[in-house]
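Beneath this line is the structure, given in C-alpha cells, with notes to follow.
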Amino acid sequence: MTEVRTRFSPSPTGSLHLGGTRTALFNWLFARHHSGVFILRIEDTDRERSEERYVKEIEESMNWLGLNWDEGPYFQSERLPIYRKYIQRLLDQGLAYYCDCDPADLEVRRKEALARGEKPKYDGRCRDRGLKPGSHTAVRFKTSQTGATHWHDRGKGPICFDNQELDDLVIQRADGIPTYNFAVVVDDITMGVTHVIRGEDHIPNTPRQILIYQALGSPLPEFAHMTVTLAKDGGKLSKRRGAIPILAYRDRGILPQALVNYMVRLGWGHGDQEIFSREELIKYFSLEHMSKSPGVYDEEKLLWLNSHYLKETPLPELARLLVPFLERLGIAAQNLDYVARVAGTLNTRSKTLVEMAEMARFYFQAPASYEEKGAKKFLTQEIAPTLEDIKKRLEAMGEFSEAAINQLFQDLSTETGRKMVQLAQPVRLALTGTTVSPGLFDVISILGKEEVLKRLNRALDFIYKEQ
RNA sequence: GUCCCCAUCGUCUAGCCUGGUCCAGGACACCGGCCUUUCACGCCGGCAACACCGGUUCAAAUCCGGUUGGGGACGCCA
C-alpha cells in the first residue's frame with residue numbers, strides 16, 4: 001500500500017475563511033488517519049491578487065488550529081519552469097495548441113452564448129491553425145470532443161461528464177503563467193498526491209483535470225469532493241454572506257478545539273457522538289461518512305461547543321487564555337492565580353473568552369455605577385442597617401473562605417428572618433454593580449476582605465446620599 | 001439557460017450501501033420543570049423530520065424512475 005499524501009492548496013488572495021479551513025481540516029485528518037503526509041501548497045499564479053500577507057495569515061490560521069503540515073509550503077510561482085516543461089511536452093505531442101483569440105472577443109462571445117441560452121464554450125477556432133508562439137498567444141489544451149469522462153468520487157460516488165460539455169481550456173496564459181487547472185495537475189503529479197479532497201465547487205474542473213492527467217500519461221489520484229457550507233439564507237458562505245476570516249474567531253474568543261469540532265461535524269458524522277478529541281477525530285475520520293448535501297452554518301452550535309470546551313479547559317490554562325482579552329478591556333491582570341480563581345466562577349456562564357472577560361471586569365474594577373432597576377429595589381434605606389451589620393461581621397471574620405462566608409449569611413438569615421435573596425442581592429449590587437453575577441460567596445471570597453468592605457462602604461454612601 | 005451534485009426534525013446529523021429490529025435515534029435551538037443567593041451550569045421532560053408521485057417487494061427512510069425543490073459550475077480567477 002502506498003503512502004497517503006494529501007494537500008491543502010489555498011490561493012493567497014484573501015483571508016482564510018471557514019470553507020477553506022474545513023477543506024484543510026479534512027485533508028489533514030485523512031492524512032493523519034492514514035499516517036500519511038499533509039502538504040501545504042500556495043497557489044499564487046494569480047500575480048495580481050496574491051499577497052504575501054495572506055500567506056502569513058493562512059499559516060497563522062492553520063497553526064492556531066493545529067493543522068500542521070509535513071511538506072511545504074510550496075509556491076507555484078517558484079515552479080514555473082516545471083509547468084513550462086509539461087506544456088512543451090503537450091505541444092510537442094500535438095495535445096495542445098497556441099491560440100491568439102482576443103480575450104475581449106471571447107468575453108463577448110461568451111455573453112452572447114449565455115444570452116442565447118447556450119453553454120458558453122470556446123469554439124476551438126485556433127485549434128487547427130498551427131499558430132506559432134507570439135507575444136499574445138495563450139496555450140489551449142485539446143479536449144476530446146467525443147466520449148465521456150467519469151470517475152468514482154470518494155465523497156459523491158460515480159460522476160460522469162460528457163466530453164462534449166467540455167471545451168479547449170487555456171492552460172497557459174499569454175504571459176506564460178499556467179492556469180489553475182493545469183498547474184494543479186502538474187503539482188499533484190509531481191508531489192505524488194494520492195487523494196485530492198476539496199470542495200464540490202471543483203467537481204466541474206475534475207473532468208478537465210482528468211483529461212490532462214491522461215494526456216500526461218499519469219495515473220489518477222482518488223478524488224473526494226466535500227460539500228460546501230451555506231449561509232443561513234442559502235447560498236455559499238462568502239464574505240458577503242457572513243463568512244469571516246478564521247483568525248477573527250480567535251479574536252472573538254473561540255477556542256480552536258471548538259472550531260475544529262464544529263467544522264468536522266458540519267458535513268461529517270460518527271454515530272451520535274458530538275464531542276471529539278483530536279485523537280478520536282484522527283481515529284474515526286473517513287471519507288465515506290461525509291454527508292453529500294451542503295450544510296448550513298449555525299453559530300449557535302459553534303457557541304455551544306465553545307462553552308463546552310471553556311468548561312473543560314483547566315483553570316490555569318484558561319487564565320492564560322483570558323489575560324489577553326482582559327488586557328483588551330484595559331485590565332492589566334498580572335496575578336495568574338487570581339485570574340484562575342476568577343475564571344473558575346465564569347467558565348460555566350460564558351460562551352466566549354470575550355464574554356468571560358467582560359463578566360470578569362468587576363473583579364478588577366469597582367463598579368462605577370449601579371444598575372438602575374436593581375439599585376432602586378435593593379439599595380434602599382431599609383436595608384442599610386443590615387448592610388452595616390454584614391460589614392461588621394465580615395470585618396470580624398478570620399478565614400475568608402467561600403464556606404465560611406456561606407455560613408455567615410446562613411446565620412444572618414436565620415437571625416434576621418430575612419430570606420437569603422434579600423441579603424444577597426444588595427450585597428451583589430454593592431460588589432458587582434449588577435443583579436447578575438457568579439455565586440456571591442465566591443465573589444466575596446475572591447475579592448478579599450479589604451476590597452469587599454470598601455465596596456460595601458461605597459454602596460452605603462450611595463444609599464445615604466440618594467434618600 | 002446548459003451541465004453536474006444533492007434531498008431525514010428550524011439547524012447539524014444517525015440509519016440508507018447489506019430492505020423488516022425505525023409509527024425514525026442523538027445534538028443545537030426552542031418550550032416546560034427541578035436545583036438555587038441572582039444568572040448560568042447541571043438534571044428531567046416536551047415540541048419537531050423520512051420533499052412529492054409512481055414502480056419493485058410479503059415488506060421501503062432504505063432499491064429504481066420521474067416531478068419539485070436546493071446547491072454548485074459554466075474566465076487567459078483559483
Side-chain angles (χ1 to χ4, degrees), chain A residues 9-13 43-46 48-50 76 99 101-103 106-107 110 113-122 136-140 153 155-157 159-162 164-167 169-175 177-181 183-184 199-207 225 227-228 230 232 234-236 262 265-275 288-289 291-305 307 311 345-350 359 374 406 409-410 413 419-425 427-429 432 434-441:
Chain A
S9 48
S11 68
T13 53
E43 311 220 321
D44 57 351
T45 52
D46 186 342
E48 245 104 278
R49 297 192 296 150
S50 293
Q76 289 189 326
C99 165
C101 288
D102 179 27
L106 291 172
E107 182 62 27
R110 204 172 308 139
L114 224 37
R116 261 181 278 129
E118 287 166 22
K119 187 164 189 146
K121 274 174 57 179
Y122 177 63
H136 298 294
T137 51
V139 177
R140 282 185 188 271
D153 197 273
K156 301 278 186 186
I159 300 182
C160 187
F161 278 83
D162 200 324
Q164 286 175 39
E165 296 298 328
L166 279 21
D167 64 359
L169 71 155
V170 170
I171 53 178
Q172 184 177 77
R173 297 193 282 249
D175 63 4
I177 307 286
T179 59
Y180 163 77
N181 276 117
V184 202
E200 65 184 335
D201 45 335
H202 284 290
I203 288 179
N205 289 327
T206 308
H225 288 92
T227 56
V228 293
L230 269 27
K232 267 241 147 60
K236 205 160 78 165
Y262 178 71
R265 279 290 286 116
L266 217 188
W268 182 82
H270 184 262
D272 286 343
Q273 193 167 343
E274 294 289 346
I275 307 288
E288 283 63 39
H289 284 89
S291 48
K292 295 182 168 193
S293 48
V296 177
Y297 176 71
D298 179 17
E299 190 145 297
E300 294 286 350
K301 189 130 186 185
L302 206 210
L303 289 175
W304 172 73
L305 281 162
S307 39
K311 276 173 253 168
T345 69
L346 261 19
N347 64 160
T348 59
R349 57 196 86 224
S350 31
M359 286 194 273
N406 191 342
F409 274 82
Q410 295 296 344
S413 174
K419 282 188 180 161
M420 191 61 88
V421 122
Q422 297 172 293
L423 262 24
Q425 286 303 67
V427 177
R428 190 188 308 280
L429 221 27
T432 71
T434 70
T435 53
V436 173
S437 84
L440 185 62
F441 312 139

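Every chain is numbered from 1 and lettered A, B, ... according to where its sequence line falls, protein lines coming before strand lines.
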| message | Taking the P atom in each of G69(B) and C77(B), what is the distance between them to the nearest angstrom? | response | 35 Å
| query | Contact class for Glu300(A) vs. all strands (heavy atom < 4.0 Å): base, sugar-phosphate, or nothing? | reply |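 Counting heavy atoms under 4.0 Å across all strands, the contact made by Glu300(A) is with sugar-phosphate only.
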| request: Assign Gly267(A) to base, sugar-phosphate, or nothing according to its heavy-atom contacts below 4.0 angstrom with the strands shown. | output: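 Sugar-phosphate contact only.
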Counting only Watson-Crick or G-U wobble pairs whose two distances fall under 3.5 Å, which nucleotide matches [N]?
N: A78(B); result: none
N: C3(B); result: G72(B)
N: U57(B); result: none
N: A29(B); result: none

| Sequence-aligned protein contact record of nucleotides 62-78 of chain B, with B where the base is within under 4.0 Å of a protein heavy atom and S where only the sugar-phosphate is | ---------SSSBSBBB
| remark: Heavy-atom contacts, protein to nucleotides 38-48 of chain B, under 4.0 Å, summarised as B (base), S (sugar-phosphate only) or - (none) per nt, yield BBBSS------
| query | Hey, are the side chains of Val228(A) and Leu230(A) touching, using non-hydrogen atoms and a 4.5 Å cut-off? | reply |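 Sidechains of Leu230(A) and Val228(A): in contact.
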| field | Check: Thr206(A) and Ile159(A) side chains under 4.5 Å, non-hydrogen atoms | value |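 Counting from C-beta outward, Ile159(A) and Thr206(A) never come under 4.5 Å.
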| message | Less than 4.0 angstrom between a side-chain N/O of Ser291(A) and OP1 or OP2 of U13(B), yes or no? | response |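 For Ser291(A), the contact criterion (side-chain N or O under 4.0 Å from OP1 or OP2 of U13(B)) is met.
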| query | For Ser11(A) and Thr13(A), does a side-chain donor sit closer than 3.5 Å to a side-chain acceptor? | reply |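 Yes.
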Distance in angstrom units between [X] [atom1] and [N] [atom2], rounded:
X: Asp162(A); N: C3(B); atom1: CG; atom2: C1'; answer: 10 Å
X: Glu288(A); N: U18(B); atom1: CD; atom2: P; answer: 15 Å
X: Trp268(A); N: A27(B); atom1: CH2; atom2: C1'; answer: 15 Å
X: Arg265(A); N: C12(B); atom1: CZ; atom2: P; answer: 11 Å

| field | Tyr180(A): partners by ring-ring contact (aromatic ring centres under 6.0 Å, His included), with sequence neighbours left out | value |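 Tyr180(A) satisfies ring-ring contact (aromatic ring centres under 6.0 Å, His included) with His202(A) once adjacent residues are dropped.
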| Partners passing ring-ring contact (aromatic ring centres under 6.0 Å, His included) against Tyr122(A) (at least two apart in sequence or in another chain) | none
| said: I'd like to check the salt bridge (Lys or Arg N to Asp or Glu O under 4.0 Å) partners of Arg349(A); sequence neighbours left out, ordered by chain and number. | reply: none
| field | Residues, nucleotides or ligands: over 12 heavy atoms within 6.0 Å of Glu288(A) CD | value |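 Buried by this count: over 12 neighbours within 6.0 Å.
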| field | Pairing residues for Asp272(A) by the side chain to side chain contact (heavy atoms under 4.5 Å, CB included) criterion, not counting sequence neighbours | value |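 Partners of Asp272(A) under the side chain to side chain contact (heavy atoms under 4.5 Å, CB included) test: none.
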| query | Relative to the 5' end of RNA chain B, which residue comes earlier, Leu302(A) or Ser293(A), by the nucleotide with the nearest heavy atom? | reply |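 Checking each residue's closest nucleotide, the 5'-ward one belongs to Ser293(A).
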| said: Let's test your reading of the model: under 3.5 Å, does the base of A27(B) pair with the side chain of Lys301(A) as donor and acceptor? | reply: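 It does, because a donor-acceptor pair links the side chain of Lys301(A) to the base of A27(B) below 3.5 Å.
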